[in-house]
*Asks:* 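Structure in structure tokens, see below.
Note: hydrogens, waters and symmetry copies are ignored here, and every other heavy atom, side chains too, is used. Start at 1 and go down the list; that is how both ligands and their atoms are numbered. As the structure is a computational prediction, the values presented were derived from the model and not from experiment.
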Amino acid sequence: MSVDFEAGVPSASSDTFAVTNPATGQPFAYAPSSSAEHLDAVVQAAHDAFPDWSRDEDFRRSALGKASAALAGAAQQLAVTLSKEQGKPIREAVLEIHTGAHWLNYFAQIEDAPQVIQDDDSAHVEVLRRPLGPVAAITPWNFPIALSLWKIAPALRAGNTVVVKPSPFTPLTTLAMADVLSGVFPPGVLSVITGEDPLGSRLASHPLVRKISFTGSTATGKKVAALAAEDLKRVTLELGGNDAAIVLPDADVSTVAPRLFGSALANNGQICVAVKRTYVHESMYSQMIDALAECARGVVLGAGDAEGTTHGPLNNAMQLDRVSELVDDAVRSGAQVVSGGKRWGTEGYFYEPTILANVSDGTRVVDEEQFGPVMPVIPYRTVDEAIARANASHYGLGSSIWSADVTAAQQLAPRLEAGTTWVNSHTIVTPGQPFGGAKWSGLGVEGGHWGLHSFSEPHVVYTAR
Ligand code: NAD
């Protein structure tokens with residue numbers, strides 16, 4: 001199904017839903033709303049395409065390489081739509097498309113030979129990998145292209161076919177990506193269906209779907225896990241986070257502050273692994289607050305396509321309300337707003353970059369995932385205390401330790417309950433890393449051989465001698 005995005009067609013009807021530009025708060029296009037019959041037809045096509053697609057690994061590798069080139073070639077064009085529906089600056093939208101192309105290329109290149117685990121007088125035992133069938137890839141609105149390709153690339157390489165369902169807030173770029181890649185993959189191998197949230201559960205419970213790869217909130221992830229259980233579908237869940245950053249007393253404030261700020265405010269804080277709670281040693285607390293406020297003053301808010309914009313709007317009205325509510329609640333509990341603290345402008349979903357001091361655990365903005373441009377900065381006395389407070393969360397996605405003594409920081413890292421602990425950085429993910437969350441932040445991982453293998457199952461061939 002293809003859509004003329006700029007003209008905003010197909011026009012509003014019961015078969016479409018509106019897509020809003022978060023910089024204006026106004027709908028600018030309509031996306032197709034897949035019916036139950038259309039969903040059935042798409043999943044059936046994925047099922048029918050599976051046998052041929054799963055058979056020829058060289059063809060798959062070559063197709064992924066071509067897809068990577070095609071996507072990179074369309075980056076500028078797709079970025080315009082991505083910026084308009086998601087809100088991010090065009091420059092970052094271009095980067096996101098290239099990130100997706102990089103993932104496709106990585107999984108085109110990765111070596112994954114069968115493993116011989118025994119070869120002696122009694123037996124030859126080899127472990128093959130068998131793909132699963134049609135995979136449902138359900139994605140959120142913060143990085144619609146990159147996060148869909150974190151699933152598509154390994155799933156296709158492993159020999160599965162894929163049906164993607166993007167968030168109803170950002171369906172257009174994923175549809176446009178499918179158009180760009182339509183000449184690369186045989187029919188049925190990669191499809192995109194769009195619709196509002198109930199389409200996600202209909203896809204996840206479709207009997208021909210054999211795996212659900214889901215990225216989104218923890219609340220929805222739990223529902224997806226329950227749907228998967230009914231049919232024992234395989235499932236990977238990449239869910240919410242409330243990442244703590246711990247700044248040790250020896251860290252250099254002027255070096256660390258801009259990096260911390262960038263790790264918290266990139267994509268307006270709408271990153272699952274953004275820094276969401278910052279624990280700073282009491283000896284440097286006031287200098288750090290001042291340095292972070294200075295960074296906040298450098299932010300230029302604006303529409304993604306406006307000259308000079310460093311940060312766009314939040315993606316949707318619900319997110320703006322949530323961020324406002326959490327900051328207002330913190331202020332009522334005694335937090336000091338060092339910078340920002342309110343909505344910006346009257347149009348669209350902009351919120352000022354916000355630094356909160358005199359705030360602590362037990363306040364909602366610290367305990368919950370805020371997913372917005374807000375940095376609660378919390379003083380601590382001892383490292384043991386900071387680690388205990390960082391771990392006192394249902395979430396366990398990312399975390400970081402900032403120090404002039406890299407070895408000391410590396411030795412503390414295993415004590416943090418998280419899928420990834422960065423030292424002197426945060427948010428950096430490469431395609432070879434097993435990316436995932438501890439506790440309520442997820443189930444399973446994406447990336448590298450770990451992620452690739454989550455789209456297949458071991459198949460042992462035991463030959464007796
Ligand atoms: P969400 O859970 O509301 O929606 C995610 C996707 O699930 C959307 O496509 C939605 O339409 C679909 N969906 C909704 N209800 C469904 C159901 N019952 N069954 C199946 N699908 C359903 O999440 P969101 O608001 O789009 O995204 C923000 C959240 O995603 C944040 O919590 C963020 O931390 C998380 N996230 C996690 C990662 C990660 O890798 N761990 C990455 C990005 C975002």
*Asks:* With a heavy-atom distance limit of 4.0 Å, tell me whether Leu397 approaches ligand 1 through its side chain, its backbone, both, or neither.
*Replies:*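 Looking at Leu397 and ligand 1, just side chain atoms fall under 4.0 Å.
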*Asks:* Based purely on interatomic distance, does Ser441 place a nitrogen or oxygen under 3.5 Å from a nitrogen or oxygen of ligand 1?
*Replies:*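 No: no nitrogen or oxygen of Ser441 is under 3.5 Å from one in ligand 1.
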*Asks:* Considering only heavy atoms of Leu147, which atoms of ligand 1 have at least one such atom less than 4.0 Å away?
*Replies:*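 The list of qualifying atoms is 42 (C), 43 (C).
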*Asks:* Tell me whether Arg389 at atom CZ has more than 12 heavy atoms from other residues, nucleotides or ligands lying less than 6.0 Å away.
*Replies:* yes
*Asks:* I'd like to know if atom 4 (O) of ligand 1 has any protein heavy atom within a distance of less than 4.0 Å.
*Replies:*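 Neighbour list for atom 4 (O) of ligand 1 is empty of protein heavy atoms (cut-off 4.0 Å).
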*Asks:* If you measure only the distance, is there a donor-acceptor pair under 3.5 Å linking the side chains of Lys165 and Ser34?
*Replies:*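 The answer is no; no qualifying pair exists.
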*Asks:* In terms of ring plane angle, is the pair Trp440 and His394 parallel, tilted or perpendicular, where the classes change at 30° and 60°?
*Replies:* parallel
*Asks:* When rounded to the nearest 0.5 angstrom, what distance separates CG in Asn267 from CD in Glu92?
*Replies:*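 Reported value, rounded in 0.5 Å steps: 6.5 Å.
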*Asks:* Could you tell me whether Pro166 approaches ligand 1 through its side chain, its backbone, both or neither, with non-hydrogen atoms closer than 4.0 Å?
*Replies:* backbone
*Asks:* Looking only at N/O atoms, are Glu369 and ligand 1 under 3.5 Å apart anywhere?
*Replies:*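 Yes, since at least one N or O of Glu369 sits under 3.5 Å from an N or O of ligand 1.
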*Asks:* Using side-chain hydrogen bond (donor to acceptor under 3.5 Å, both in side chains), reason through Glu446 and Thr236 one step at a time and then give a plain yes or no.
*Replies:* CA-CA 8 Å; Glu446 295 181 322; Thr236 299; over 6 Å; no
*Asks:* Within the 4.0 Å heavy-atom shell around Cys272, which atoms of ligand 1 are there?
*Replies:*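 Here the atoms of ligand 1 in question are 34 (O), 36 (N), 37 (C), 38 (C), 39 (C), 40 (O), 41 (N), 42 (C), 43 (C), 44 (C).
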*Asks:* Decide, yes or no, whether a salt bridge links Glu369 with Arg322 under the criterion of side-chain N to carboxylate O below 4.0 Å.
*Replies:* no
*Asks:* Side chain or backbone of Thr215 under 4.0 Å from ligand 1, or both, or neither, by non-hydrogen atoms?
*Replies:* both
*Asks:* Just to be sure I read this right, does ligand 1 sit under 4.0 Å from the backbone of Asn142, its side chain, both, or neither, counting only heavy atoms?
*Replies:* side chain
*Asks:* So is Gly442 close enough to ligand 1, meaning a heavy atom under 4.0 angstrom away?
*Replies:* no
*Asks:* Starting from atom 6 (C) of ligand 1, locate the nearest protein heavy atom and write down its residue, its atom name and how far away it is, to 0.1 Å.
*Replies:*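 Ranking protein heavy atoms by distance from atom 6 (C) of ligand 1, first comes Thr139 O, 3.5 Å.
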*Asks:* Kindly compute the distance separating CD (Gln270) from CD (Gln86), expressed to the nearest 0.5 Å.
*Replies:*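 One finds 6.0 Å between CD of Gln270 and CD of Gln86.
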*Asks:* Below 4.0 Å from any atom of ligand 1, is there a heavy atom belonging to Ala204?
*Replies:*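 The answer is no, since Ala204 has no heavy atom less than 4.0 Å from ligand 1.
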*Asks:* At a 4.0 Å cut-off, with the gap strictly under it, does some heavy atom of Ser167 reach an atom of ligand 1?
*Replies:* yes
*Asks:* Measuring from Leu78:CG to Leu172:CG, what's the distance to the nearest 0.5 Å?
*Replies:*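 Output value for this atom pair is 11.0 Å.
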*Asks:* Could you tell me if any non-hydrogen atom of Phe435 lies under 4.0 Å from any atom of ligand 1?
*Replies:* yes
*Asks:* What are the atoms of ligand 1, with element, lying closer than 4.0 Å to any heavy atom of Lys165?
*Replies:* 9 (O), 10 (C), 11 (O)
*Asks:* Give a yes/no on ligand 1: does Phe143 have at least one heavy atom closer than 4.0 angstrom to it?
*Replies:*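 No heavy atom of Phe143 comes that close to ligand 1.
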*Asks:* Please determine if Arg210 and Asp231 form a salt bridge, counting it only when a charged side-chain N lies under 4.0 Å from a carboxylate O.
*Replies:*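 Yes, this pair counts.
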*Asks:* Tell me whether the guanidinium CZ or amine NZ of Lys88 lies under 6.0 angstrom from the six-membered ring centre of Phe143 and within 45° of its axis.
*Replies:* yes
